[in-house]
Amino acid sequence: MRNNELKRFWLGKTQAGLILAGLFLATTCATAVAATEPAPFDAAAVLEQQKQIRSDAEAGRGAYGELNAATRQELRSRQDRLGKLLDGRRYQELSDADRDQAHQDLAWIQQAGSAKAEERLICERVRAIGSNRVERVCKTASQRRDEQKNRVDPKLDTPGVRN
């Protein structure tokens, strides 16, 4: 009789464990799906932001002021399309296709404004090895990032030295 009671006890524990594992898996999947969906936005605030960006681009100031003519024209066309899409509507009223298009246009516009950040020069004063002379070395942000990524750790090249 005692054996049967133990079997029922462990069977109940196993089923509870499976239920908990299932709940955990469902929660994880729901979180992963929610993380891939872009966040909703306030359509009126986006339209105001786009007016400011267009003003900056036309006046030649801010992050959008130094865009070349082709990029500036693409910016205008994307802003026009976004304006027609959002005019008088809320985010919740947009279809899935319209939401995707709005998010794509917003991402492109944001990237266009930050593209100049990759081209900006960063200068630093560097002392040459074996000398007291200091030089000024200027590189773009993307050049510095590439050098950092491709830099070889001298410890790895020295025989017998390991981390």
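It should be emphasised that the depicted structure is a prediction, and the values quoted were computed from it without experimental measurement.
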### Query
Hey, are Glu147 and Arg144 close enough for a salt bridge, meaning a charged N less than 4.0 Å from a carboxylate O?
no

### Rounded distance (nearest 0.5 Å) linking atom CD1 of Ile109 with atom CD of Gln79
5.0 Å

### Message
Please find the pair of heavy atoms, one from Arg125 and one from Val134, that lie closest to each other, and give the distance.
### Response
CB-CG1, 3.6 Å

#### Entry: Test item: side-chain donor near acceptor, Thr71 and Asn68, under 3.5 Å
yes

#### Entry: Nearest heavy-atom neighbours spanning Tyr64 and Leu75
CD2-CD2, 4.2 Å

### Set of residues satisfying salt bridge (Lys or Arg N to Asp or Glu O under 4.0 Å) with respect to Arg133, sequence neighbours excluded
Glu135

### Task
Only counting residues at least two apart or in another chain, list the ones meeting side-chain hydrogen bond (donor to acceptor under 3.5 Å, both in side chains) with Ser131.
none

### Task
Under the side chain to side chain contact (heavy atoms under 4.5 Å, CB included) rule, collect the residues that match up with Arg76, sequence neighbours excluded.
Arg54, Glu58, Arg72, Gln73

### Message
To the nearest 0.5 Å, what is the distance between CD1 on Ile53 and CD on Glu48?
### Response
11.5 Å

### Distance-minimising heavy-atom pair for Tyr91 and Ala39
OH-O, 4.2 Å

### Query
With sequence neighbours left out, what residues match Glu93 under side chain to side chain contact (heavy atoms under 4.5 Å, CB included)?
Arg89, Arg90

### Query
Within the distance-only criterion (no hydrogens, no angle test), does the side chain of Asp87 pair as donor or acceptor with the backbone N or O of Gly83 below 3.5 angstrom?
no

### Query
Hey, what do you get for CG (Leu86) to CD (Gln101), rounding to the nearest 0.5 Å?
10.5 Å

### Summary
Sorted by chain and residue number, the side chain to side chain contact (heavy atoms under 4.5 Å, CB included) partners of Ala102 (sequence neighbours excluded) come out as Phe41, Leu82, Leu85

### Arg78: side-chain hydrogen bond (donor to acceptor under 3.5 Å, both in side chains) partners, not counting sequence neighbours
Glu74, Asp105

